[in-house]
Amino acid sequence: MFQQRSNLFTGPPRMSTPVSVAGRPPRWVSRRRIFEQNLSELHKCRNLAHVKKFFAQILKSDRHLDPQMAAKLVSAFSLCHQMGLAVKVFAQFDEPNTHLYNMLIRAYVKNSQASKAFETFWRMQINGVPADNFTYPFLLKGCSGESCLHLVQMIHTHVEKFGFFADIFVPNSLIDTYYKCGQLGISAAKKLFSVMEERDTVSWNTMISGLARYGELAEARRLFDEMPMRDTISWNAILDGYVKAGDMNAAFQLFEKMPERNVVSWSTMVSGYTKVGEIDMARMMFEMMPVKSVVPWTIIISGYAQKGLAKEAIMLYDQMEEAGVIIDYGTVISILAACAESGLLGLGQKVCTSIQRTGLKCTTSVLNALIDMYAKCGRSDEALRIFNRMPEKDAVSWNIIIHGLAAHGYAGKALELFDRMKQDNFEPDEVTFIGVLCACTHGGFVDRGLDYFLEMQKAYGIVPKIEHYGCLVDLLGRGGRLKEALDLIHSMPMEPNAIIWGTLLGACRVHDDSNTTEVLGRLIVLDNYDSGNFSTLSNICSAARDWDSAASVRLQMRSSGIQKPSGVSSIDVDDEVHEFTAFDMSHTESNDIYKIVDTIRMDLGETLLGHGSRHQ
DNA sequence: CTAGGGTTAG
């Protein structure tokens, strides 16, 4: 089963002979000394050129057969994402020792190949090489998600059997990993913590942040109050809990009480205020920060961008660059996502330029974020250009481009790409089909959409989620097949939510189907308190001149305390965002704007009624 | 081994 060991670098192993330095000029000797000094740091070296240079030297002196040296090489190669080379170094050994196995396991995990890490672990077991207290934390780093729970439990059993709980790192990383395994991991984490004989600050902090992440704030707070020694991490963990729960008042109170605050504490507050929409408070916190890193800059810029406040976002972005802050993956992905959401093409292009200027590595994720930004900002051409040229697409790339094209009316092109995706052997997933159904909706291909919905289940075994039913309701609804849409809602295996009803309501409004509206009117008041739906419903009633019903819906809204914020449309012209509400006359150029809107309406009317091109 | 920002979805 195991690969034949081969000596790929130097031919058959030779006896190691120390390189003599005698008789060399002093300069060489000193270089040699520097080489040896740097060699001791080799396992931390992230520069591939340097690592290769060292590697050449090591090969020359046959020291790659020294397990200690080989372990360093494996580690260095993994940092440079050269798993092929790391494996080759490892494969030089007939009987790798525990340390070498550990380094390979860690290498796989760091390069997101957790399954290979576990394969290595099994191989270690079969070959009778004992694991040690380092092996388990490395393996655990590769576990996350519900599917990993059984693996973590298996590791837990191993650890118990071989008595590695003595090293506090082991139970600590077990607790941490249990929390990464979803709801089911929580009780396991609690149980382990309760039986631990010794706990250090990390153990307590891991528990607190885990509980806070899952919203068990009271429990987290109890541990926080109970723990013997609190450090800044403990305070930050509980602070993060309040922020995640959206309770900025509690967060602020705690923040004020903190004995010391670091960049993370301040950033957590900035991010919290951003998330609850209090961008001015976020800005104040940001300005008050004594030290800023790239993270808070990213948070505040993304915050403005998300709100569509292009001018402020761009000003801050320029300030950040002037301050010499170096952008990283997080910055790029976070800001581009915000630009995509709000349609801020200007800022998105700035980020694109910065990527090129700083030479930030264009990973698939970075390119995906760029493509999504261009597509959502209406630049399908640029999105497609990058997509076509990207060296390694993943399923997400395909999903983004398909949905991007679909949402902007290029239904045919989107479906064409869906076919190409399958030809290129990418397995469509549940997100892909959202884009595909969206394409059918926008292209008016109702029956074809229904076929895809079946294909999704039959050919790919995807169980439709409520989002898919939402697409389907939209597809049928916009296609005027309201009865089928309503039947679909009734036959869904899950409870319809406000989004589903809203979609159908929207269709009723367009197609003026008062029968369905009646059914909906009854259903919607039962259990879906969505302000948008109430207001659509009342609009439908008004449009049907059923003033009594319209009034009763409005009344019901008021009595249930629902307020509908007015809908706005916005347009970004030279990074100035212009907002419009219905019957809005506040814009300085309102008259001209409405004239153009009327022209467009007439053009649309002609097209919809099939009068053909007016150039005929 | 623990703390802040991280791409796709009506």
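Chain A is the first sequence line, chain B the second, and so forth, proteins listed ahead of strands; every chain is numbered from 1.
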Legend entry - Closest to side chain of A/Asn399, choosing from B/dG6, B/dC1, B/dT8: B/dT8
Inset, instruction - Report yes if a side-chain nitrogen or oxygen of A/Lys465 is closer than 4.0 Å to either non-bridging phosphate oxygen (OP1 or OP2) of B/dG10; otherwise report no. - result: no
Inset, instruction - Under 4.0 Å between any heavy atoms, over every strand shown, what does A/Pro296 touch: base, sugar-phosphate, or nothing? Just pick one. - result: base
Inset, instruction - State plainly whether the residues A/Glu430 and A/Lys465 are in salt-bridge range, i.e. N to O under 4.0 Å. - result: yes
Inset, instruction - Taking only the side-chain heavy atoms of A/Glu430 (C-beta and beyond), determine which of B/dA9, B/dA3, B/dG10 contains the nearest atom. - result: B/dA9
Inset, instruction - From the options B/dA3, B/dG10, B/dG6, select the nucleotide whose nearest atom is closest to the side chain of A/Arg213. - result: B/dA3
Legend entry - Nearest-Å distance for atom pair OH/P, residues A/Tyr469 and B/dA9: 21 Å
Inset, instruction - Could you check whether A/Asp429 gets within reach of a base, just the sugar-phosphate, or nothing at all, counting any heavy atom under 4.0 Å? - result: nothing
Inset, instruction - Look at all strands and tell whether A/Thr268 reaches a base, only sugar-phosphate, or nothing, counting heavy atoms closer than 4.0 Å. - result: sugar-phosphate
Inset, instruction - Give the rounded distance in Å between these two atoms: OH of A/Tyr329 and C1' of B/dG6. - result: 12 Å
Legend entry - Salt-bridge criterion met for A/Glu455 and A/Lys422 (N-O under 4.0 Å): yes
Inset, instruction - Write down the distance between CD1 (A/Ile333) and C1' (B/dG4), rounded to a whole number of angstrom. - result: 16 Å
Legend entry - Lys/Arg-Asp/Glu bridge criterion (N-O < 4.0 Å) met for A/Arg221, A/Asp225: yes
Inset, instruction - Report which part of the nucleic acid A/Ser267 touches: base, sugar-phosphate, or nothing (heavy-atom distance under 4.0 Å, all strands). - result: base
Inset, instruction - Measure the distance from NE2 on A/His408 to P on B/dA9 and round it to the nearest whole Å. - result: 12 Å
Legend entry - Lys NZ or Arg CZ of A/Lys393 over A/Phe426 ring: under 6.0 Å, within 45°: no
Legend entry - Out of B/dT7, B/dG5, B/dG10, whichever nucleotide has its closest atom nearest the side chain of A/Ala369: B/dT7
Inset, instruction - Select base, sugar-phosphate, or nothing to describe what A/Thr232 touches, counting heavy atoms under 4.0 Å on all strands. - result: nothing
Inset, instruction - Kindly say if A/Lys376 contacts the phosphate of B/dA9, meaning a side-chain N or O under 4.0 Å from OP1 or OP2. - result: yes
Inset, instruction - Report the distance from atom CG of A/Asn368 to atom P of B/dT8, rounded to the nearest whole Å. - result: 10 Å
Legend entry - Distance below 4.0 Å between A/Lys141 side-chain N/O and B/dT2 OP1 or OP2: yes
Legend entry - Per A/Val431 side chain, nearest of listed nucleotides B/dG5, B/dA9, B/dG10: B/dA9
Inset, instruction - Return no unless some side-chain N or O of A/His468 is found under 4.0 Å from OP1 or OP2 of B/dG10. - result: no
Inset, instruction - May I ask you to say what A/Val263 touches in the nucleic acid, namely base, sugar-phosphate or nothing, with a heavy-atom cut-off under 4.0 Å? - result: base
Inset, instruction - Among B/dG4, B/dG10, B/dT7, find the nucleotide with the atom closest to the side chain of A/Thr503. - result: B/dG10
Inset, instruction - Report which part of the nucleic acid A/Ser397 touches: base, sugar-phosphate, or nothing (heavy-atom distance under 4.0 Å, all strands). - result: nothing
Inset, instruction - Return the value, rounded to whole Å, for the distance between atom CZ of A/Phe433 and atom P of B/dG10. - result: 15 Å
Inset, instruction - Just call it for A/Lys275: base, sugar-phosphate, or nothing, with non-hydrogen atoms closer than 4.0 Å on any strand. - result: sugar-phosphate
Inset, instruction - Send over the distance from A/Arg261 CZ to B/dG4 P, rounded to a whole Å. - result: 18 Å
Inset, instruction - Figure out the CE/P separation between A/Met229 and B/dA3, and round it to whole Å. - result: 20 Å
Inset, instruction - Just compare B/dT2, B/dG5, B/dT8 and give me whichever is closest to any side-chain atom of A/Thr298. - result: B/dG5
Legend entry - Aromatic plane relationship, A/Tyr136 with A/His158 - under 30° parallel, 30 to 60° tilted, over 60° perpendicular: tilted
Inset, instruction - Report the relative orientation of the aromatic rings in A/Tyr460 and A/Phe433; use parallel for angles under 30°, tilted for 30 to 60°, perpendicular for over 60°. - result: tilted
Inset, instruction - Select base, sugar-phosphate, or nothing to describe what A/Asp231 touches, counting heavy atoms under 4.0 Å on all strands. - result: nothing
Legend entry - Pair A/Arg283 + A/Glu287, salt bridge at N-O below 4.0 Å: yes
